[in-house]
Amino acid sequence: MTEFKPQQLDKKWQQAWTSAKAFEVDVDPSRQKFYCLEMFAYPSGYAHVGHVRNYIIGDIMARTKRMRGYNVLHPFGWDAFGLPAENAAIKSGTHPETSTLDNIAHMKGQLQRLGISYAWDREIATCQPEYYKFNQWIFLRMFERGLAYRRRSTVNWCPVDETVLANEQVIDGACWRCGTTVVARELEQWFFRITAYADELLKGLETLTAWPEKVVVMQRNWIGRSEGARIKFPVAGGGDPIEIFTTRIDTIYGATFVLLAPEHPMVDRFAVESPDSKAFRDKVAKFRALDRESRLTGAIEKEGFDTGRKAINPFTREDVPIWIANFVLAEYGTGAIMAVPAHDERDFEFARKYDLPIRIVVQAGPDTPSAESMTEATTNYGRMVNSGEWNGQEAPAVITKMIADAEKRGIGMGEVQYRLKDWGISRQRYWGTPIPVIYCDRDGVVAVPDKDLPVELPKVTTLTGRGDSPLAQVPEFVNVKCPKCGGPARRETDTMDTFVDSSWYFLRFADPHNKELPFDPVPAAYWMPVDFYSGGVEHAILHLLYSRFVTRVLRDVGLVNFDEPFKRLLTQGMVLKNGAVMSKSKGNVVDPDDMREKYGADALRLYVMFVAPPEKEVEWSDAGLEGSFRFLVRVWRIVDHWCETIGGEGMPACSDDCTGAERSLRRKTHDTIRRVTTDIEERMHLNTGVSSLMELVNELYAFSDTTEHGAPTRGEPPVGRVERQQTIAVLKEAIDALVVMISPFAPHMAEELWQMLGHPEALTKTSWPSYDPAVAKADEVVVPVQVNGKVRARVTAPADASEDQMRELALADASIRNHTTGRTIVKVVVAKGPLVSVVVR
RNA sequence: GCGAAAGUGGCGGAAUUGGCAGACGCGCCGGACUUAGGAUCCGGUAGCCGAAAGGCUAUGGGGGUUCGAGUCCCCCCUUUCGCACCA
């Protein structure tokens with residue numbers, strides 16, 4: 001009897017794997033590859049069980065696929081740039097690089113102690129010049145293609161902290177740090193033209209059949225494609241016409257006024273031309289401020305005012321008033337809309353408030369409400385009325401015709417609008433990738449030549465969090481010679497959004513040490529795309545959309561030969577403690593190191609997989625962890641009990657000469673192989689995979705009870721011995737399979753047991769057991785028999801019984817006869833399952 | 001407000017294609033072993049009626065389709081998540 005000492009086994013086998021380089025891999029075109037990836041980590045300093053759940057999920061997949069014969073790439077890295085490290089530096093004075101590298105070292109240790117099977121030779125950290133050099137390289141390729149460009153844009157600005165805030169850092173319109181109301185500020189910003197790929201990103205979603213539907217829908221909505229028309233409304237009194245965007249040109253005869261966003265360029269002209277331009281301007285200014293706040297805080301009362309000007313509806317040729325409204329968005333469409341109060345809820349609300357005319361032009365139902373009596377807009381498609389020559393036609397068919405008509409008359413055109421906007425990547429921050437651009441008075445915006453990459457981040461020692469970009473305060477960094485003319489020039493001092501770093505790191509893993517290119521196309525073509533990607537659903541849009549975009553850009557650059565980087569996606573649920581997400585500030589963190597010290601890495605791994613399916617949120621339970629530990633001890637004990645008798649090489653294989661109990665154990669073994677394999681590989685239901693293994697263990701205990709020495713008990717258990725060769729063979733088959741299949745979950749224990757069973761080769765080199773359907777097939781089946789939908793009896797039938805045989809057996813059963821005598825049998829259904837259903841009257 | 005997902009024992013959860021509801025685990029109850037048991041092994045455990053055999057009721061609520069519904073359809077309730085004036 002040997003004792004299960006998980007802490008010792010953890011160390012022993014982790015060292016063995018490292019020195020054997022068990023998880024390092026190379027390109028091997030003769031073998032099928034499998035790229036298993038978990039979203040890399042922000043090095044916050046410690047990983048709690050919520051984080052490591054994701055890594056364990058990936059590790060189950062990686063370890064299983066390895067034993068299933070695949071050449072498995074399973075790398076890990078660090079999303080090492082970012083605000084928290086910089087903010088910590090402002091507070092504590094520790095340089096972000098120091099704290100980041102310390103954090104990485106600690107977290108790496110945590111993951112290694114959990115036995116996650118990473119190819120650590122491929123580890124990357126985005127804050128290393130060797131990595132971010134290629135952020136810059138990719139930026140330059142995008143710059144060359146016009147996909148990286150500069151323009152003024154409005155940002156969130158905190159006037160007290162004197163810095164730009166990301167949208168997520170604005171809480172109810174105020175700065176998250178000091179509570180000051182955020183103001184809009186115009187800044188020159190770099191953008192990536194993701195909108196150029198909008199249609200492609202949308203279409204590509206259709207190919208992502210192994211992604212959660214939810215994520216696909218979120219991306220689709222985020223891209224927000226809508227087809228419509230751009231229509232010109234001439235302004236009475238001359239000048240440029242107002243262009244509006246609409247998806248409902250079929251309602252244009254009901255457009256009784258036009259609305260402009262407060263930021264619309266024409267507003268300033270109207271203000272100048274207004275009789276009281278000061279009052280006009282004041283009202284606009286109020287709206288502009290209000291509008292910004294409304295978008296940050298949510299809903300706000302619709303307000304507007306009449307400009308006093310008129311536009312001409314190009315279809316009705318009527319004069320319609322032009323108003324300015326706070327709910328019209330400047331950044332969507334043309335920043336101007338035609339208002340159709342009868343058929344748009346928002347326009348209806350606005351028209352009622354300001355007593356503007358309402359005209360019904362679509363008859364959606366049999367009732368015809370009057371404009372005066374209607375209480376809400378009717379937004380459905382329907383038959384057109386009050387629409388001149390178009391009367392009687394119906395949307396959506398008529399929409400194409402009307403757009404064609406508008407095009408013919410030169411007053412408009414069909415147009416597609418997206419909700420998706422270009423990706424602003426400038427950050428007025430220190431801890432990120434410098435944007436590789438130089439500004440020269442003579443040559444303007446000049447790209448840093450490839451040979452000068454990387455533009456290294458200088459070591460700034462005093463970070464205050466105030467003022468503009470910290471890099472602007474480093475003269476040695478800022479002042480350079482223009483690469484074109486050699487004259488004095490200035491470097492760009494903004495850094496890149498860290499989402500740039502994470503939008504291609506999965507490609508770098510294919511070739512992580514390349515000094516010339518982000519990666520060589522050949523290994524990338526072998527390893528990519530990622531076959532299995534898991535991570536938090538919070539990245540459903542940003543990271544995953546950016547990655548899909550950058551992958552396509554690199555395809556157009558010629559580095560990759562596919563469109564979609566992630567074949568299968570799993571969004572794992574969070575681990576809660578006391579009903580809340582774990583966080584340092586809440587003090588409800590479960591530290592994997594504590595759990596591991598108490599129960600060992602395997603029990604923790606097993607518990608986290610057993611408690612619920614990976615997608616689901618779970619509540620942490622110490623008792624549950626204890627239960628998983630007990631199960632491992634139970635496995636240990638039964639294997640230990642038998643290993644002397646069944647272990648070693650050259651043992652006989654199972655034959656057909658089985659007793660009933662042996663048959664039944666073999667059946668269970670093979671059925672378990674089938675279930676566990678599909679649970680892991682196909683369904684990713686790791687919890688039911690574990691429960692199948694538990695059933696097999698229960699069966700092994702029961703089987704052991706039938707042998708002369710009984711099941712193992714604590715104290716002085718007898719070593720399990722049997723004489724019969726077939727019993728030994730059947731036990732060996734079951735126990736070997738059990739140990740291999742439990743190894744993804746409990747790799748340290750499994751390796752030790754495998755060794756105790758006398759196998760000379762490490763488990764990491766072993767093949768997954770194969771499933772024999774003939775063995776798993778039962779000799780006889782229990783057939784439930786229903787009478788009028790209720791199970792009244794169970795009859796035993798041969799496994800290959802015909803429908804007729806089953807029907808006869810069912811009707812002959814005594815208790816079924818009790819339910820059928822004196823009644824008429826209307827129908828007997830024999831269903832697959834099998835199951836017999838009798839209908840009586 | 002709109003959209004999506006979910007709701008199953010005391011608890012976490014199973015039920016793969018419309019076919020035996022509650023696998024597996026936690027907890028609880030009992031037995032064995034024991035000086036002892038908070039260890040281990042074995043057994044029981046949805047609720048109600050019944051001595052038992054057996055029966056009845058049960059997958060948020062109400063209807064429906066079907067020989068048969070946790071699963072499909074309609075209405076309602078609750079929870080969670082996403083979007084939130086995108087014209």
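Keep in mind that this is a model prediction, so the values were computed, not measured. Convention: sequence-line order gives letters A, B, ...; per-chain numbering from 1.
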Using atom [atom1] of each nucleotide, how far apart are [N] and [M] to the nearest Å?
N	M	atom1	answer
B/G10	B/A32	P	30 Å
B/G31	B/G55	C1'	30 Å
B/A39	B/A5	P	44 Å
B/U71	B/A14	C1'	14 Å
B/C73	B/G18	P	11 Å
B/A21	B/G70	P	8 Å
B/C48	B/G38	P	28 Å
B/G82	B/G47	P	38 Å

Checklist outcome for this item: In RNA chain B, consecutive runs of at least three Watson-Crick or G-U pairs below 3.5 Å, as range with range, amount to B:1-7 with B:77-83, B:10-12 with B:24-26, B:27-32 with B:40-45, B:46-49 with B:54-57, B:60-64 with B:72-76
Integer-rounded Å distance: [N] [atom2] and [X] [atom1]:
X	N	atom1	atom2	answer
A/Leu606	B/C26	CG	C1'	14 Å
A/Tyr607	B/C26	OH	P	12 Å
A/Arg634	B/C24	CZ	P	11 Å
A/Glu213	B/G82	CD	C1'	14 Å
A/Trp211	B/A5	CH2	P	19 Å
A/Leu700	B/C42	CG	P	12 Å
A/Leu329	B/C83	CG	C1'	14 Å
A/Phe233	B/A87	CZ	C1'	12 Å

Item to check | Pairwise 5' ranking along RNA chain B for A/Gly624 and A/Val537, keeping only the more 5' one | outcome: A/Gly624
Checklist entry - Want to settle it: does A/Ile337 or A/Gly789 sit nearer the 5' end of RNA chain B, counting the closest nucleotide to each? => result A/Gly789
N-O pairing of [X] and [Y] below 4.0 Å:
X	Y	result
A/Lys668	A/Asp671	no
A/Lys353	A/Glu303	no
A/Glu619	A/Lys577	no

Table of protein N/O atoms under 3.5 Å from nucleotides 69-73 of chain B N/O atoms:
none

What is the nucleic acid contact for [X], judged by heavy atoms within less than 4.0 Å: base, sugar-phosphate only, or nothing?
X	answer
A/Ser226	sugar-phosphate
A/His819	sugar-phosphate
A/Lys790	sugar-phosphate
A/Arg794	base
A/Val217	nothing
A/Arg792	sugar-phosphate

From [options], pick the nucleotide closest to the side chain of [X]?
X	options	result
A/Asn698	B/C24, B/C20, B/A87	B/C24
A/Lys302	B/C85, B/C67, B/C20	B/C85
A/Arg630	B/C24, B/C26, B/C83	B/C26
A/Met218	B/A87, B/C26, B/G82	B/G82
A/Tyr701	B/C83, B/U40, B/C42	B/C42

If every non-hydrogen atom of [X] is compared with every non-hydrogen atom of [Y], which pair is closest and at what distance?
X	Y	answer
A/Phe245	A/Glu415	CE1-O, 3.6 Å
A/Phe610	A/Ser691	CE1-CB, 4.0 Å
A/Ile242	A/Ile322	CD1-CD1, 3.6 Å

Item to check | Side-chain touch A/Val216/A/Gln219, heavy atoms, less than 4.5 angstrom | outcome: no
Next on the checklist: Is it the case that the side chain of A/Asn326 and the backbone of A/Phe287 share a donor-acceptor pair, with hydrogens and angles ignored and the cut-off at 3.5 Å?
Outcome noted: no
Next on the checklist: Whether the side chain of A/Thr334 engages the backbone of A/Glu243 through a donor-acceptor N/O pair (distance < 3.5 Å, no angle test) should be reported.
Outcome noted: yes
Checklist entry - A/Phe305 and A/Trp323: aromatic ring centres closer than 6.0 Å? => result no
Checklist entry - Are A/Trp642 and A/Phe703 close enough that their ring centres sit under 6.0 Å apart? => result no
Next on the checklist: Going by the glycosidic torsion and a 90 degree boundary from 0, is the base of B/G9 oriented syn or anti?
Outcome noted: syn
Checklist entry - According to a strict under-4.0 Å criterion, is A/Lys827 in side-chain N/O contact with OP1 or OP2 of B/C67? => result yes
Next on the checklist: Does A/Lys302 qualify as a cation-pi partner of A/Phe350, given the criterion of NZ or CZ under 6.0 Å from the six-membered ring centre and within 45 degrees of its axis?
Outcome noted: no
Item to check | Base versus backbone protein contacts along nucleotides 6-19 of chain B [heavy-atom cut-off under 4.0 Å; B, S, -] | outcome: ------BSSSB--B
Checklist entry - Quick one: which of A/Asp250, A/Thr379, A/Thr378, A/Asn380 gives a side chain to side chain donor-acceptor pair (under 3.5 Å) with A/His343? => result A/Thr378
Item to check | Residues A/Arg807, A/Asp804; criterion salt bridge (Lys or Arg N to Asp or Glu O under 4.0 Å); working and verdict | outcome: CA-CA 5 Å; A/Arg807 182 180 292 121; A/Asp804 285 342; 2.8 Å; yes
